[in-house]
Structure formats: structure tokens, C-alpha cells
Asker: 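The structure that follows is given in the form of C-alpha cells.
Every chain is numbered from 1 and lettered A, B, ... according to where its sequence line falls, protein lines coming before strand lines. These numbers were taken from a predicted model, which means no experiment stands behind them.
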Amino acid sequence: MTYFPEEVVEHIVDFLGSHGDRNAVSTVCKAWYQVDRLSRRSVFVGNCYAIRPERVVTRFPEMKSLTVKGKPHFADFNLVPYDWGGFAQPWIEAAARGCPGLEELRLKRMVVTDDDLELLARSFPNFKSLVLVSCEGFSTDGLAAIATYCRGLRELDLQENEVEDHGRQWLSCFPDSCTSLVSLNFACLKGEVNASALERLVARCPNLKGLKLNHSISVESLNKILARAPHLVDLGTGSFTIDNRSETYHRLINAFFKCKSLRSLSGFWDASPFCLQAVYPICTNLTVLNLSYAPAIQSADLTKLIGLCFKLQKLWVLDCIGDKGLVVVASTCKELQELRVFPSDIYGTGITAVTEEGLVAISSGCPNLNSLLYFCYQMTNSALTTVAKNCPHFTRFRLCILEPEKPDPVTNQPLDEGFGAIVRSCKNLRRLSVSGLLTDQVFLYIGMYAEHLEMLSIAFAGDSDKGMVYVLNGCKNLRKLEIRDCPFGDAALLKDVAKYETMRSLWMSSCDVTLGGCKALAAKMPRLNVEIINENDGTSESKENLSDLQKVEKMYFYRTVAGPRNDAPDFVWTL
Amino acid sequence: MSPPLEHDYIGLSEVPSAAVGGGEEGALNLKATELRLGLPGSESPDRKDKVGLTLELLPRGFVSGAKRGFSDAIDGAGKWSLASGESGSEVELGKGGGLFSPRGEPVAGSSGGQGTGGKDAAAKAAGQERKGAVQVGSSVGDDRAMAPAAKAQVVGWPPIRSYRKNTMATNPSKNKDDADGKQGLGCLYVKVSMDGAPYLRKVDLKIYKNYKELSSALEKMFSCFTIGQCGSHGIPGKDGLSESRLMDLLNGSEYVLTYEDKDGDWMLVGDVPWEMFTDSCKRLRIMKGSDAIGLVYNFLSQLRGPWRNARTGTRHNAMLEKGQMNQIPVT
């Protein structure tokens, strides 16, 4: 065996971008483990309970960037009780003790408190970037701490968090000496923000590229900001309402006209159709457009705008765009890669929804489409087959037919064949969400063809245990499986338990899995934390009275080397 | 649910005990309404059907019989939670609070609160007390009256992030006039908190047409208290506080539905016409009866609105006449 000095190994390993590759390197031998360990700068923890924070910090002392994810994905849809867990505190504390050189922290679906943010702000002198996605538990006081103590902060990116509003002064906490901001996103804040402090901040940060405002920022303020920062690349507008033909409107058009670097637009809270016209000057440069929070814009105005966006790669809209609007998208946006169509009427009366026609049009116009999230009123097998043929490059395909278990309206058949066509054609499919009427057959197809599938979401589908078994047998790269309201039970769960150590997690709610089945699983697999979320049950006495035959409301298990967690609330029972 | 009674805004009118649920066993039908622990699918003996505790708006139902449930419930240590139904018709009340049976028989359930409570509740709930959290063993069975059947709602479906739902709800289209006949987004989400519960919920008031529907939905969401029911026009009927009623309130064994109006004042739900209520309601709070006494008292002493003056004045006098005012301690 040729001898490689460690420096050479390290040099080679530095070229490895992905965490998976690095992880593989570290398992080759002790020497390589050490090399990776000391040279790893960016650490990704997909499940905060899979490993203890202290272990991560000890293993990677030179870590500069840490990403941690907490709650299971279905927490987004309120299927996970509020205090289930996912606390950032132990992570921040461990990093503060062991990794003071940390520069970047990214948290998703975790509970972050103001104390955590203050500890973060005070513990890392080189801290540069904080990204919080779908987190909760903190307020603007925590943001004030970040602004105050993080000298040299480059990025503060708050995406869709629940932030308690304790006043507008947090923004003023950025000291006058703070000139390093590159990206600031506070779009999710519900309260007022000090607009003049913001304008001053923008004025003194020459490198500012991304700025996403919340709805409290008026157009007048936006004008001033754009005047100071015409070099913005990514803008989220604040509230976007102005009077017709007013001076403000003309200034706005001029301001946009000067933003030659602008590539990405979002926000548009309260946008009216008239205002949207102010954006026309820069449409031809846009690659990203998010209009999904602008319910007042109807299809005609949407298409007028989008009709100018030839270079668009990513588009998020509401379904009021309609099938006809999607035809316009298809004929204009030839470089489209990602499309998300959200329902504007959440309770689904179907009036303005899109159907399979819109999707087919998109697929024929946009062959580079690789990521789709599509909420629609109905879908047909024939449409899905056409889409599969037109767009073989899908890596993410999420289809949500608003009414559960809805069959193909033309043939009245389940949508097995349609989804089967998708998985057969899209060889690089990594993420799939299915909906509509589906039998076990679709899972047979998924198991057979979706070789690279990593995440699968299933709801109201399948006939029997066979469905789940097909998936577990077939999808070798499956990492996350989430199932709700399907007739899968213990037999499927226990068929191949060894598989679960190759996966990050599995969620099953409202299925046919029983307590006995979960216990059996936990007994066979000591390195899985099998959690039963049972909101009825708080006391241990009653746990003894439970029959193994009882069905379990919600089960979530994940592989871990950390053992059962010690912060689980009463209603979470780790078997 | 028991038949609606005439609305008494304080809710302290005498109510025939038979009208309270489970009448054949007498007014104190504690057995049938006793809350017990149980996993989904567990059969509680002696329970004919899963009696949902009626949540009715003040004032009806404040009789001793209506104590069913939550004094027992309060005893139960443990988390605030909602039970699932039996396995055959698995009705889930997750945080979403909606009803559904698996395999696609979405059942019209409590409402707009679905899907919105979660993240929003978090910050608030952090500060809330968890002691005395109510444990609910009663489950919601098929025999229950359906909430507005127009929209079948399933917990967590469609799979839209609660952030998006909340945002769209609180920033509805301001230019609805421009949008010809566009539906949806005429919604009015208000937070609903319950004393002792660790998290809040949200309901869309626009889904309901009257207090009865709202109460039925809230009942499903927080199914452990009884609040009086009001008439269709929301105007209280009977005057007068009965002594037993007052004592029940004082015992703190009852809950009262209140709301915060545009002026920031806390009002008893059920007084004003429904439309006026939805226009002015900013948030809802299910208060403990003992706390509500103070509210009632405040209410009596602060005359608001012309339509209240006359009634309050009358009531005020009535109470004085009955010599009962002195018995009400000011909390």
C-alpha cells in the first residue's frame, strides 16, 4: 500500500465538497479519520438527536460552519406537538465551549430562545452568518443581541420563522461600525421595523447584496433604500402598495430602473396589480421571482409580468395564475428550473386552482425543469406520463392534489401509472411526494425505479403492508420516509428492520402500526430511538395499562448514537 | 349537544338539569362526562358513546351539572392534549384539531384553527403555565355533530407550512374589489388561548356563521369545558345571576369564553350580534371562571354601547334587588 503523507491526504480531501464523501473518507482508516476530522470546516447534522453536540464539537474542533436540523418535516404541517423538542441550546452551548472559531450557524425547525441568541452573539468573535429556517422560540430581543455583539456579521437570514415581536429597536442595535452586511432577511417579522435605522444601515454596507424586507416597510422607504443600494442582487420588497401615478410610484420605477444587478425578487406583500408595473424595467434580468405572497394579483397581471421574464429560473406563484397563466410561463421562461404553485384558497373550493393542463404546458415549454411543487385541483395519468416524458430531469417532484385520494377524473383510475411514469423517467429523482388515489402498485414502481430517491412523502395512499414493503425493499438510498394515513401496519414495519439504520428517520402517523409493533422494533434495533408521540398519555401508570394492540397515533424513529434523549416531553415516549 | 337555551349573557340562569348532556343519569352525569386517560382506540367502560363536552358560549350551561368534565380534568396531571377516537374511525385531534378518519374520509371538523396553531403558539406558549393543564380522555366520535360541513378539513392537509397559512391569513388581499369574484382569503384568523393550555390555537372566524358553529368548533379543539350558548342574534335573554351559578363560577371549575375587542377590552362572547363580533374580535381567550368573575364584574360596571346600557342597567338593578351583588367577591 502506497504511503500517503497526511498532508497529501488532507489536500485531496479538501476537494471533496459533499458531506457524504467526507464521511466516507473518515471511515477508511484511523489516519484518514484524523485527517478529515481536523480539516473539516463544514459540518452537517441532519437530525439534532442523532448525535450529542459535545461529540460533534470534540470531533471537529476546527469547524467553521455548523448546520443542524431539528423537528421532523411534518412539523411544518402541525403534526408535531409544539414542545416536542429540537432545542438549539445544547448545540450553541457546546459550540461555545469547544469551537469558538465558529463562523456560521444554520438551524432548521429548531427551538431557539433569546438566551441562545445572546450566547451565540457573545461566544464567537468571528461569527459571520446566522441562518434560521422555520424556527421558533425567540423574539426581536434575540435579534438585538445578534446585531449588538456580532462584529463583522455578514449574514442574518430569517426564513419563515415565528418571531415574537418585542419592538422595532433591534435594527438600531447594529452599531455604526457595522459595515459588513452582505445579506439581511427579516421578511418573516410581523412587527414594525425602524425604517430610518434600516436606511442608514443599508447606506453604510457597501457589500449588501441581499435584502428582504418585511411588510412594515413602506414603498417610500423602499425608494430610499434602493437609492442607497442599487447594487442589490436579491430584493424582498416590503409592503408594495402605493397610489396611482403618485410621485412615489415614479420614484419607484426609476429606482428599479437603476438596479441593474437585481436578479431575484420576492415579498410583494399586499401588492396591487398597478404597483407591479414598477418592476417591469428589470424583469428581463430576473432569474428568481416569488409572487406567492401576493394574492391580489390575478392571472392577467401575473402573466403580463412573467411574460417579460425570459431568464427566469425559479418561479413561485399562487394558483390564481391558472392553467392559462402557466401556458404563458411555459412559452416565456425557457430556462425555468424550479416551479412552485401554491394554493391561494387553502380550503380548496377549486375555483382558481390549476389542473393537469397547466403542468403539461409547463413541461412542454420548460424541459430543464428539475424541481416542482404543485398544488392542484386534479391530475390525470396521461398528464403525468406526458410530463415524465418532457421533463426527465426532475430531482424533486412534489405533487399535491388538494382533495385526498382523488382519482384520475377522466378514467377514474388511481394515479399509479402516472407516478410510475415519473419515477421511470426521472432517473435522478431524489425527492418525491405523491397524492391522489394510489394503490400498492405505485409503491411497487417507486421501489423498482426510484433508485436515487432519498425522501418520500406519502399520504392517504396504498392498500396494504405490501406498499410500504415495496418502498423499503427497493429504494436503496432512502433517507427519510414520512407516511400519514396509510394502511401500513406492523408487518410492514418489522419486515426489514436493518434497513432503518441506513435511513435518517421514519415518520408514521394515523397508520395501522401498533404499540406492540413499535416495541418490537425498539427491541430489535437499539440504535434507533423509537418515539411514540401520544398526546393522551402523560403518566407512567397509564402507560402500563396500554395494550400492545393499540394503534399508535404518531410514531417517529431515527437512528442515533446518542441514546434516548433526555429532553423529551411527557407525551413523547421513547421505547 | 344539549338543546340551546335562551341566551343569558352571564349564563347564570337556572337550567333544567335534564338539559345537560346525559340527562338520564341526572344532572350530575359525571360518569359519562368524566375525563379519562386513554390511548386511541381504548374503550372506556360505562361510556356509551364518547361524549364530547359541549363547549357553549356564555351564558348557558353554568349549572352544577355542567361542571362535567373540567374539574375532573383539572385534577388530571399531565399535558394538555386531545384524544383520538377509537380505532375504527380514527379521529385525530392533533394540534390541528381537525377531524378526519383515515383512508380518506375527511370529516368536517373544527376549522380554521387547523394548521395555524403550531408555530404561532410557540412563542406564546413559552410563557404560559403548564400546570393544571387539562387532560382530556374523551374523544370525538362519529356521533358528534359536524362542524360546518361545507369544507372538510383534515389535520395538516393540504400540506402547507403554517407560516404560509398565517401570513396569507393576516395579510389578506386588500384589493379584493379588484379581483372579480375571487374567493378565498376572506378569512379572519384569531388566536384562541385557553388558560392552562401550553399552546394556543387559531380559528378563522369567517368560516362560521354564528356563535353556535364557533362554539362547536372550539369545543372540538379544546373539548373540555362548557360555556353557555346564546341565541341566534346573540342578545342575552334572561337577566339575573343565580346564586348557584355564581358559586360555580367562583369555584373556578368552569371556563368562560371571552374575546378581546378592537379597543383592547376583554368581553364576554355572545353578547353582540355575530357580525359585530367578527368585526371587532381580535383574539379569543377561554378563561377560568374564577378569573371571569372579575370580567363580569368589570363588564357590569362599565357601560359600553347603547344596546348594553339598558340591559346592564336592568341587570345591575336586578342584582341589587336580589341582594346578591354583595356576595360577589371582586377578584
Asker: Using every non-hydrogen atom in the two residues, find where A:Ala459 and B:Trp157 come nearest and quote the distance to one decimal.
Answerer: CB-CZ3, 3.6 Å
Asker: Can you measure from CZ (B:Arg161) to CZ (A:Phe342) and round to the nearest 0.5 angstrom?
Answerer: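 With rounding to 0.5 Å, CZ (B:Arg161) is 8.5 Å from CZ (A:Phe342).
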Asker: Please examine the side chains of A:Asp76 and B:Tyr163, heavy atoms only from C-beta on, and report whether any two atoms are closer than 4.5 Å.
Answerer: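 Not touching, per the 4.5 Å side-chain cut-off.
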Asker: Quick one: does B:Pro159's side chain get under 4.5 Å of A:Phe74's, heavy atoms only?
Answerer: no
Asker: Using the side chain to side chain contact (heavy atoms under 4.5 Å, CB included) rule, pick out the option among A:Asp485, A:Leu79, A:Asn78 that qualifies with B:Val155.
Answerer: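 Result: among A:Asp485, A:Leu79, A:Asn78, A:Leu79 is the only option passing the side chain to side chain contact (heavy atoms under 4.5 Å, CB included) with B:Val155.
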Asker: Run the side chain to side chain donor-acceptor pair (under 3.5 Å) test against A:Thr439 and tell me which residues pass, sequence neighbours left out.
Answerer: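 A:Thr439: side chain to side chain donor-acceptor pair (under 3.5 Å) contacts with A:Asp416.
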Asker: Hey, which of A:Ser239, A:Ser139, A:Ala294, A:Ser292 has the most heavy atom pairs under 4.5 Å with chain B?
Answerer: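 Most pairs with chain B among the choices: A:Ser292.
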Asker: Does A:Arg431 have any salt bridge (charged side-chain N to carboxylate O under 4.0 Å, His left out) partners at least two apart in sequence or in another chain, and if so, which?
Answerer: none
Asker: Donor-acceptor pair, A:Trp269 side chain versus B:Thr167 backbone, under 3.5 Å?
Answerer: no
Asker: If I compare all heavy atoms of B:Met168 with all of A:Pro295, which pair ends up nearest, and what's the gap?
Answerer: CE-CB, 4.2 Å
Asker: Side chain from CB out, backbone as N, CA, C, O: work out which of these in A:Ser433 comes under 4.5 Å of a heavy atom of chain B, or both, or neither.
Answerer: neither
Asker: For A:Ile401, which atoms come within 4.5 Å of any heavy atom of chain B: side chain, backbone, both, or neither?
Answerer: backbone
Asker: Select one option (side chain, backbone, both, neither) describing which atoms of A:Ala187 are under 4.5 Å from chain B's heavy atoms.
Answerer: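 The backbone, not the side chain.
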